[in-house]
Q: 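Pasting in a structure now, in structure tokens, and then I'll have a few things to ask.
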Amino acid sequence: MTTSISPVRVRYAPSPTGIPHIGNIRTALFCWILAKKTKGQFIVRIEDTDRNRYDAEAEKAIFESLNWLGLDWDEGPIKGGPHAPYVQSERKQTYIETAMKLIETGQAYFDDTTPEQLDALRQRQRAAKQPPRYDNRGRYRSKDEIEASREAGLPITVRLRVPEHGSVSFEDTVRGKVTFDLKEIDDFVILKSDEMPTYHLAHVLDDHSMGVTHVIRGDEWISSTPRHLLIHKALEIEPPQYVHVPLILGKDKAKLSKRHGATSALEYRDQGFLPDAVFNFMSLLGWSPGDDTEVMSRDEIIERFTIERINDSPATFDSEKLEWMNGVYIRDMDTERLMDLLIPFMECAESEGGMPDSVKRPIDRNYLRELIPLVHERLKLLTEGTEMLDFFFSDKVEPAAKDIPGRKMDVGLTIDAVAAALKLCRTVSPFEPDQLETAYRSLAEEMGLKPGQLFSPIRVTTTGKTFAPPLFDTMAAIGRARCITRMEHGLEILKSTQ
Ligand code: GLU
């Protein structure tokens with residue numbers, strides 16, 4: 001059953017401290033889908049208040065990932081919108097003003113505890129086997145003491161005064177009711193000594209002023225949520241609906257990391273995955289349409305998506321399934337489109353996985369069009385095009401002598417087979433797949449070889465590979481003259497081993 005839900009305002013709020021990983025982009029994807037589904041708005045906001053960890057490359061990668069996946073935003077950097085600026089470092093003044101208001105009402109206070117003192121406190125707690133937490137000492141500092149510290153150039157922060165007793169609860173869409181005991185929560189920093197807000201304060205204020213209705217974010221933020229609720233309470237504002245989406249694990253059940261392969265959307269792009277396939281695959285990381293359907297268009301996903309169907313247990317990232325799905329999308333594509341996508345990979349430098357540098361660029365599109373039917377079914381990644389097709393374009397075909405003989409064939413017999421195949425190659429007419437097949441099948445029979453025994457040395461000498469597209473189509477596409485040269489060269493290689 002689909003619950004109809006009024007238009008949401010959702011946001012993707014990455015911190016530009018590293019290249020966004022798949023889990024992070026998956027929350028952006030869920031937000032985007034929900035915004036489309038409810039005809040709401042998808043907001044992008046850059047949370048860059050940690051100036052020490054700010055990384056301009058990461059910020060670039062965030063936009064590149066969103067663009068590559070087609071997750072266009074309604075409001076945010078570049079695009080603008082009614083709540084601009086959408087970059088937190090440009091909203092500094094609001095956070096400072098709010099922190100000061102909270103100080104005036106007694107709900108927050110200035111604290112002059114130094115990082116060294118905090119370190120010492122943590123060490124003492126560790127030694128006493130107590131959980132590390134701030135001991136709220138700043139509550140008891142007088143105005144004069146704080147002023148003196150300020151004058152002495154000590155770092156001054158602002159902390160929220162957290163009630164010592166009671167609990168905070170909220171109803172999470174995915175997790176249900178979640179309750180935290182306030183005893184677990186210390187007075188935490190809302191404004192740092194550089195007058196930048198902490199994430200806790202900044203995102204609460206921005207979500208509120210930007211009218212965010214649903215905060216969809218990773219599970220790792222659930223333990224911070226009571227702090228966010230306390231800020232809402234202190235400011236007497238309504239919290240949004242929280243939707244904490246499950247972690248993504250590798251197939252070994254460990255948290256997804258570099259060890260499991262690519263971890264960022266852009267790496268998948270560079271490895272030859274299609275944005276539509278990655279989109280489809282990621283939509284299933286923590287969500288399911290309720291039946292076994294896996295391959296779905298964007299429209300179908302939008303149509304079937306409900307936040308109620310987001311799982312509360314971790315999602316498993318199965319890279320084989322992603323490859324399979326990419327193959328499905330590639331098979332579904334028409335030749336012209338596939339060529340548009342393959343050519344950039346084929347044309348990049350040999351050292352970057354492209355065709356041998358000796359192959360003329362631009363790639364001959366008309367010739368490629370003839371070849372696509374030979375590989376279309378087998379392609380799973382766009383990067384595989386080079387490996388599957390290079391011998392059509394390059395004459396650098398250098399098979400290893402050991403790969404040339406067919407099953408149970410010694411070098412002598414292989415030489416005879418290639419020599420006979422070469423002779424036939426000069427005469428088959430027309431040089432077309434059907435004629436080639438008939439001719440070579442008869443040759444195998446005449447020589448008392450199984451067809452496969454004869455075909456292997458032909459394949460390896462003409463393509464340089466033990467595995468290639470259907471042999472006779474391949475030979476026809478390579479053309480008689482080049483087949484002859486390559487078989488001659490194969491013979492030389494074989495003879496040199498004798
Ligand atoms: N800036 C936080 C991050 O980088 C956002 C967390 C949230 O969505 O509230 O993940």
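Hydrogens, waters and symmetry mates play no part in the numbers below; they use all other heavy atoms, side chains included. Every number for a ligand or one of its atoms is a count from 1 in the order of the listing.
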Q: I need the nearest protein heavy-atom contact for atom 8 (O) of ligand 1: residue, atom name and distance, please.
A: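 Checked against all protein heavy atoms, atom 8 (O) of ligand 1 sits closest to Arg11 NH1, 2.8 Å.
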Q: Looking only at protein heavy atoms, which one is nearest to atom 9 (O) of ligand 1, and what is the separation?
A: Tyr199 OH, 2.5 Å
Q: With Trp32 as reference, evaluate Trp73, Tyr12, Phe279, Phe305 under the ring-ring contact (aromatic ring centres under 6.0 Å, His included) test and give the passing residue.
A: Phe279
Q: Would you mind telling me which of Tyr199, Trp221, Tyr242 makes a ring-ring contact (aromatic ring centres under 6.0 Å, His included) with His228?
A: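 Testing His228 for a ring-ring contact (aromatic ring centres under 6.0 Å, His included) against Tyr199, Trp221, Tyr242 leaves exactly one candidate, Tyr199.
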Q: In terms of atom number and element, which parts of ligand 1 are under 4.0 angstrom from non-hydrogen atoms of Glu47?
A: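 The list of qualifying atoms is 1 (N), 2 (C), 5 (C).
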Q: Of the protein's non-hydrogen atoms, which lies at the shortest distance from atom 4 (O) of ligand 1, and what is that distance?
A: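 Here the closest protein heavy atom is Ser15 OG, 3.0 Å.
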Q: Using side-chain heavy atoms (C-beta onward) and a distance below 4.5 Å, is Leu379 in contact with Leu342?
A: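 The answer is yes; the side chains approach within 4.5 Å.
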Q: Is there a donor-acceptor pair under 3.5 Å between the side chain of Asn280 and the backbone N or O of Glu294?
A: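 Yes: the side chain of Asn280 pairs with the backbone of Glu294.
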Q: Mark yes or no: Arg159 above the aromatic ring of Tyr134, with NZ or CZ under 6.0 Å from the six-membered ring centre and no more than 45 degrees from the axis.
A: yes
Q: Please say whether Ala13 places an N or O atom under 3.5 Å from an N or O atom belonging to ligand 1.
A: yes
